[in-house]
J.: 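One structure, pasted below without further comment.
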Amino acid sequence: MRHAWDILEEYRGTLFEGEWPSICHMFLITLRRYTERPAFTVIEGNAKHSLTYAQIARRIGGLAAFLHSRGIVKGDRVILNGKNSPAWAMSYLGIIFSGAIVVPLDNQMGSDRVDALSAFSQAKGIFADRDVLDRLEEGSWLATQDLIVSLDGAGDDTYRRFASIKESDVPLEELELPSGEDIAAILYTSGTTGNEKGVVLTHANFTSDVYQAGDPQFLSITEHDVFYALLPLHHSYTMTAVFLESLMHGCDLLFGQGIVVSRVLNEMRMGNVTLFLAIPLLYNKLLAGLMKKVRERGIAAHALVRTLMWLNGVLRKTFKVNPGRRWFHQLLDGIGMVDNKVCICGGGPLSPKTFQQYQQLGLDFIQGYGLTETAPILTLNPVSRFKIKSVGKVFPLVGMRIADADLFGVGEVQVKGPNICKGYYNDPENTAHLFTQDGWLRTGDLGSLDKERYLYL
């Protein structure tokens, strides 16, 4: 069986060294293969604006040069705090191409926490939306910074405007790039008591996870697919499964402008979205809106649609055929999913009833499990062999064991693998507690494994 990471053999020893490429080298592989294909897209009204891989490469090179000119060196931390946008994505890449470590923070986080985490990270600068910077103006950390870039606002004597940073024609390969073993990012976990922990993740942690998620046994993705960046990209799941996954495959990444249902539907239609990651709440809203429209057509129409849904479910399960795509073309177009290949559910499990109805309409779902500390994906449910009660099949290169299992095979899920973090930033106590004495990461979750390595929580 061929794996997604087999392509690396063509570039190992020439473009990069070691087992796994850095995110930078992963991008360079895509740049060579899909130079003029669209990379980042936004929709404004009825207009669609795209940047190609070649265009964003010039912006990334310019950002890396700008950071070097401001004294940023390998290993420095730089804060990234903004809404989803091409500017956010290019800043992320510019920071890591400079050799620095990106520290993405929640755009909705209070200014006191942004200030505290920036100081704790010993960050040397910040890229942020103008409203974030304005809220931080009186902050003690920001007052000490010389590197302040506004992602979406006008520049002044205090803030450098992102759009004013010049592009560079210097080939990215000529930069001194990080290796797979270098630290790429520090991701702060959600702290219920304000005690966020900074998860230290290497480039190899991310790229090994991206290549495993993109393996054909889990997802069938080509450069013609369109990902949809709707959920916040600072979150580890969206960062890996949407942002980095799209870059690895050479796909187009459409940036959502907010979770407003009417806007989402328009963006999915105009952007021809084929891979959609959302939270259960949004999937429930879309399905409820669709079924409401069906009921409004009358009892006979509603009964016909429900009967066809049931029949399609039977045909899919029994004969592995899916005529629902044709039968429900108009309905799927109504919720912007006519081009959709796979729906990915993040942020919580989708109810079996909702999952079943989407399946009956002809749509496929991917559901998985992971932690920020594992970059983050550990398991995915393959479309072809989906087990509805499971959170998915363990990734091929991930070791998973059930510690202290009871009579039912249930115990703590513990893992090893190339996507496992180094620990927590400046936190030796919690880092020591994270791992067992023989080096397995403690997830803190209870689960069991079946004979096919599917995990049940």
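This chain uses plain numbering: 1 for the first residue, then up along the sequence. Only this structure's heavy atoms are used, side chains among them; waters, hydrogens and symmetry mates stay out.
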J.: Please confirm whether the backbone N or O of Q108 pairs with a side-chain atom of D106, one donor and one acceptor, at under 3.5 Å?
T.: yes
J.: Determine whether Y369 and D445 make a side-chain contact, defined as any pair of heavy atoms from C-beta on separated by less than 4.5 Å.
T.: yes
J.: Is a side-chain donor or acceptor of T274 paired with a backbone partner of V226 at a separation under 3.5 angstrom?
T.: yes
J.: Does a salt bridge link D252 with R37, judged by any charged N lying under 4.0 Å from a carboxylate O?
T.: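 So D252 does not pair with R37 through a salt bridge.
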J.: Between V391, T379, V410, which is the residue that forms a side-chain contact (heavy atoms from CB on, under 4.5 Å) with L457?
T.: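 For L457, the side-chain contact (heavy atoms from CB on, under 4.5 Å) test succeeds with only one of V391, T379, V410, which is V391.
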J.: Describe, in one word, how the ring planes of F40 and F243 are oriented to each other, choosing from parallel (under 30°), tilted (30 to 60°) and perpendicular (over 60°).
T.: tilted
J.: With a 4.5 Å heavy-atom cut-off, do L277 and L230 have their side chains touching?
T.: no
J.: In Å, rounded to the nearest 0.5 Å, how long is the span from OG1 of T307 to NE2 of H302?
T.: 9.5 Å
J.: For this output row, return yes or no: ring centroids of F365 and F386 closer than 6.0 angstrom.
T.: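 Centroid distance F365-F386: not below 6.0 Å, so no.
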J.: Can you confirm whether N266 sits close enough to Q257 that some side-chain heavy atom of one is under 4.5 Å from a side-chain heavy atom of the other?
T.: no
J.: Let me confirm one number: the SG-NZ distance from C421 to K197, rounded to the nearest 0.5 Å.
T.: 10.5 Å
J.: Let's go through E173 and R32 carefully: what are the C-alpha distance in whole Å and the side-chain angles of both, what is the deciding distance for salt bridge (Lys or Arg N to Asp or Glu O under 4.0 Å) to 0.1 Å, and is it a yes or a no?
T.: CA-CA 11 Å; E173 291 94 330; R32 290 184 180 187; 3.6 Å; yes
J.: Work out which heavy atom in A185 is nearest to a heavy atom in F206; give both atom names and the distance.
T.: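 A185 and F206 have their closest heavy atoms at CB-CE1, 3.9 Å.
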J.: Can any side-chain N or O of R316 pair as donor or acceptor with the backbone N or O of Q359 at less than 3.5 Å?
T.: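 At least one qualifying donor-acceptor pair exists.
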J.: Do you know which of V210, L253, D225 makes side-chain contact (heavy atoms from CB on, under 4.5 Å) with S246?
T.: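 One option only clears the test, and that one is L253.
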J.: Just checking, any donor-acceptor pair under 3.5 angstrom between side chains of Q217 and D215?
T.: yes
J.: Quick one: does any side-chain atom of S50 pair with a main-chain N or O of P38 as donor and acceptor, under 3.5 Å?
T.: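 Side chain of S50 to backbone of P38, a donor-acceptor pair under 3.5 Å: no, none is there.
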J.: Under 4.0 Å between a side-chain nitrogen and a carboxylate oxygen: does that hold for E296 and K293?
T.: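 Looking at K293 together with E296, the answer is no, because their closest N to O distance does not fall below 4.0 Å.
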J.: Does the side chain of T238 come under 3.5 Å of the side chain of H235 through a donor N or O and an acceptor N or O?
T.: no
J.: Would you say that D182 contacts T202 through its side chain, given a criterion of any heavy-atom pair below 4.5 Å between the two side chains?
T.: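 D182 does not reach T202 side chain to side chain.
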J.: Kindly compute the distance separating CD1 (I377) from CG (L371), expressed to the nearest 0.5 Å.
T.: 11.5 Å
J.: Salt bridge check: are R442 and E373 linked by an N-O gap of less than 4.0 Å?
T.: no
J.: Compare all side-chain heavy atoms of Q212 with those of V398 and state whether any distance is below 4.5 angstrom.
T.: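 Touching, per the 4.5 Å side-chain cut-off.
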J.: Before you tell me yes or no, could you show the steps for K387 and E452 under salt bridge (Lys or Arg N to Asp or Glu O under 4.0 Å), namely the whole-Å CA-CA distance, both residues' side-chain angles and the distance that decides it to 0.1 Å?
T.: CA-CA 11 Å; K387 296 188 180 183; E452 296 181 290; 2.6 Å; yes
J.: Assess, by modelled atom type and distance only, whether the side chains of N205 and N419 contain a donor and an acceptor separated by less than 3.5 Å.
T.: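 There is no such pair (donor and acceptor under 3.5 Å, judged by atom type) between the side chains of N205 and N419.
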J.: Using modelled atom types only, decide if a donor and an acceptor are shared between the side chain of T372 and the backbone of S236 within a distance under 3.5 Å.
T.: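 The answer is no, because no donor-acceptor pair under 3.5 Å joins these two groups.
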J.: Between D438 and R401, does any NZ, NE, NH1 or NH2 come within less than 4.0 Å of an OD or OE carboxylate oxygen?
T.: yes
J.: L233 and N84: which non-hydrogen atoms are nearest, and at how many Å?
T.: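 For L233 versus N84, the nearest heavy atoms are N-OD1, 3.0 Å.
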J.: Go through the side-chain N and O atoms of Y188 and S121 and say whether any donor and acceptor fall under 3.5 Å apart.
T.: yes
J.: Between R269 and D339 (salt bridge meaning N to carboxylate O under 4.0 Å), is one present in this structure?
T.: no
J.: Below 4.5 Å, heavy atoms only, C-beta onward: do Y358 and L286 meet side chain to side chain?
T.: yes
J.: Go through it in stages, so that I can follow the logic: the residues are Y283 and F355, the test is ring pair (Phe, Tyr, Trp, His ring centres under 6.0 Å), and I'd like the CA-CA distance, side-chain angles, deciding distance and then a yes or no.
T.: CA-CA 9 Å; Y283 282 121; F355 166 79; over 10 Å; no
J.: Taking NZ, NE, NH1 and NH2 as the nitrogens, is one of them in R325 or D364 under 4.0 Å from a carboxylate oxygen of the other?
T.: no
J.: So for atom NZ, which belongs to K285, do other residues, nucleotides or ligands contribute more than 12 heavy atoms lying within a distance under 6.0 Å?
T.: no
J.: Looking only at heavy atoms, which two atoms of L287 and T354 are closest? And how far apart?
T.: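 Here L287 and T354 meet closest at CD2-CG2, 3.9 Å.
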J.: So, do F227 and F276 have ring centers that fall under 6.0 Å from each other?
T.: no
J.: Classify the ring geometry between Y425 and F120 as parallel (under 30°), tilted (30 to 60°) or perpendicular (over 60°).
T.: perpendicular
J.: Nearest heavy-atom pair of A64 and L175: which atoms, and what distance?
T.: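 In this case the closest contact between A64 and L175 is CB-CD1, 4.0 Å.
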J.: Would you give the length of the straight line joining atom OG1 of T436 to atom CD of E412, rounded to the nearest 0.5 angstrom?
T.: 9.0 Å
J.: Please check this pair: side chain of D129 against backbone of V132, looking for a donor-acceptor N/O pair closer than 3.5 Å.
T.: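 No; zero donor-acceptor contacts below 3.5 Å.
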J.: If only atom types and distance count, is the side chain of T30 paired as donor or acceptor with the main-chain N or O of L247 below 3.5 Å?
T.: yes
J.: Just so I know, are the side chains of S179 and W20 near enough to count as touching, which here means a heavy-atom distance under 4.5 Å?
T.: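 Not in contact.
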J.: Rounded to the nearest 0.5 Å, how far apart are CG of D333 and CD of Q330?
T.: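 One finds 8.0 Å between CG of D333 and CD of Q330.
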J.: Kindly compute the distance separating CG (L290) from CE (M337), expressed to the nearest 0.5 Å.
T.: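 One gets 9.5 Å once the value is rounded to the nearest 0.5 Å.
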J.: Check the pair R113 / E196 against salt bridge (Lys or Arg N to Asp or Glu O under 4.0 Å), numbers first and verdict last.
T.: CA-CA 9 Å; R113 296 308 303 157; E196 299 93 341; 2.6 Å; yes
J.: Judged by modelled atom types alone, do N322 and N312 share a side-chain donor-acceptor pair under 3.5 Å?
T.: yes
J.: Give me the ring orientation class for Y53 and F27: parallel if the planes are under 30° apart, tilted from 30 to 60°, perpendicular past 60°.
T.: tilted
J.: Which pair of non-hydrogen atoms, one from Y34 and one from H249, has the smallest distance, and what is that distance?
T.: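 Smallest heavy-atom distance, with atoms named: CE1-O, 3.6 Å.
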J.: So, R33 side chain and G250 main chain: donor-acceptor pair closer than 3.5 Å or not?
T.: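 Here the side-chain-to-backbone pair does not exist.
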J.: Do you know which two heavy atoms are closest between L177 and L172, and how far apart they sit?
T.: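 The answer is CD1-O, 3.9 Å.
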J.: Taking the side chain as C-beta and beyond, is there a heavy-atom pair between H234 and P232 under 4.5 Å?
T.: yes
